[in-house]
Amino acid sequence: MNWIICFIFIIFFVSISIYVYMFYPKQQIDTCTVQEIYLTTPDEEKYHNDCLHPCIRKMSNGRYVMVQSPWYHCQDNVENPILYFSDDLMRWDHGIVVADTPEKGYNSDPTVFEENGRVYVLWREVDTPFCEANNTSIATVGVYTDNYGKSFSNKKLYIANEERKVDIEMSPIVIKYKDKYRIYASWYQMWRKDRHNLGITIWEGTSLENPDFKLCKKVPFKEKMICDKFKQIKLFGHYFFFPKPHKFDLWHFDLFEKAGNLYMVASEEDADVVMLAVSEDWENFRMIRKPLINALCMQNIVDYRQKYYKSTAIVEDENIRLLYTANPSGQYFTHKLYTSLIKCAFKE
């Protein structure tokens, strides 16, 4: 009988050890490096200095450019692309509204790309008059500016969703790949109230000024199992839990290049974690197991549950400067921009 009890104890101990090693929340961010970024919006009564979907790039002249879309109190009619230029990553003001609220439908998911001083801003439009004119319900559109947003080119169509709302692209990101331009997007299947990520789509074109993008690939995203689902108890001032692991469901992401590889900072719709993934062939991504940031780990520090909707990143030597949105305490319909420096993030 004693050996049976001993055997059960060993199995239990090994199982718990494996669970803790593989799934119990960890993160790469040092909480001491977390800083709130100063950001204002052009119309505070309309946008309330809100920031939900940032995309930041370092320009060829050393300055920084960002586009973001507010989503104050989950209002789609304020989810418009706002463009900023700054010499300081920690301060963004005097934003420029690139596209205002349409007569119907809404804007979302902006991204920015800079080349030789010209800045392109792309975003999605959903059920807008422009979509109707192009016989689609969802379109990725864009403009460019040569003078820091004093004027913009005419809006042009980059991607039209051919399968309407059943099979759509979200969170488009523009990257230069060899002698072509690519638009990567989160590939989602929509069916009634259910939706699930199927991977990423890759569109290629030869020009951003005169868009000629064609869908070249749909690539499954190999998602790891994670474990971070709001089931926890507070004990001695810290949160602990052992819920069932689940598969990370890719939602919004951003991309950056380093040493010939393409890296992705990715979040899921549940907004529990921000993960890092790498692709050597610029198509198939492999997730790094340890999250960059984890909502449960941060909850132990700030004493409330944050949600991480979409992140962006700047490479600083061998480190990642992660810029991400989260909710201030008790304000789950307000979104602020934060940053943390993650050291040696490229080492697994």
Side-chain angles (χ1 to χ4, degrees), residues 37 39 41-42 51-69 80-99 107-124 140-159 171-185 202-213 252-265 282 310-317 319-325 337 339:
I37 293 177
L39 179 144
T41 49
C51 179
L52 181 73
H53 201 286
C55 180
I56 298 175
R57 300 289 184 262
K58 189 169 186 178
M59 300 175 63
S60 51
N61 62 6
R63 299 192 73 192
Y64 296 99
V65 59
M66 172 174 68
V67 65
Q68 67 102 352
S69 59
N80 301 321
I82 300 178
L83 182 66
Y84 299 79
F85 296 91
S86 179
D87 296 313
D88 183 0
L89 275 172
M90 296 301 299
R91 186 178 183 91
W92 301 89
D93 49 18
H94 308 299
I96 304 154
V97 178
V98 180
N107 302 312
S108 66
D109 297 8
T111 185
V112 67
F113 178 86
E114 185 267 348
E115 189 173 43
N116 300 322
R118 173 173 286 182
V119 174
Y120 292 86
V121 180
L122 277 66
W123 67 95
R124 291 195 324 146
T140 298
V141 305
V143 298
Y144 65 82
T145 178
D146 293 318
N147 51 20
Y148 290 97
K150 294 179 181 178
S151 63
F152 294 94
S153 66
N154 292 328
K155 182 169 64 178
K156 294 185 178 180
L157 177 67
Y158 283 77
I159 295 174
S171 192
I173 303 295
V174 182
I175 291 287
K176 186 74 176 286
Y177 179 69
K178 297 181 179 178
D179 60 341
K180 292 186 178 181
Y181 301 93
R182 280 186 170 184
I183 297 177
Y184 292 77
I202 303 175
W203 299 70
E204 277 193 349
T206 61
S207 173
L208 289 175
E209 183 176 354
N210 298 297
D212 57 352
F213 284 84
H252 284 333
F253 64 87
D254 201 0
L255 300 170
F256 62 90
E257 178 187 2
K258 177 176 171 56
N261 293 330
L262 189 62
Y263 287 86
M264 173 191 291
V265 285
W282 288 53
K310 193 262 181 186
S311 301
T312 186
I314 297 291
V315 177
E316 297 183 1
D317 298 322
N319 307 318
I320 292 177
R321 168 69 62 183
L322 186 70
L323 303 107
Y324 53 96
T325 59
L337 184 61
T339 185

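Here the structure is a predicted model, which means the values were calculated and not measured.
For the pair S86 (side chain) and R91 (backbone), a donor-acceptor distance under 3.5 Å is present. In this structure, R118 contributes its side chain and E209 its backbone to no donor-acceptor pair below 3.5 Å. Not one N or O on the side chain of S69 forms a donor-acceptor pair closer than 3.5 Å with the backbone of S108.
The side chain to side chain donor-acceptor pair (under 3.5 Å) search around N210 returns K156, not counting sequence neighbours. When the side chain to side chain donor-acceptor pair (under 3.5 Å) test is applied to S153, no partner is found at least two apart in sequence or on another chain.
For the pair M66/V112, no side-chain contact is recorded, criterion being any heavy-atom separation below 4.5 Å from C-beta on. Side-chain atoms of E257 and I175, non-hydrogen and from C-beta on, never get closer than 4.5 Å to each other.
From K58, atom NZ reaches atom CD of E316 across 8.0 Å, with rounding to the nearest 0.5 Å.
A tilted orientation is assigned to the rings of Y144 and Y120, their planes being inclined by 30° to 60°. Between H53 and H252, the ring-plane angle classifies as perpendicular under the 30° and 60° cut-offs.
Between the side chains of N147 and T145, at least one donor N or O sits under 3.5 Å from an acceptor N or O.
A salt bridge is defined here as a Lys NZ or Arg NE, NH1 or NH2 lying under 4.0 Å from an Asp or Glu carboxylate O, and D212 with K180 fails to meet this definition.
Within a 6.0 Å radius of NZ in K176, other residues, nucleotides and ligands contribute more than 12 heavy atoms.
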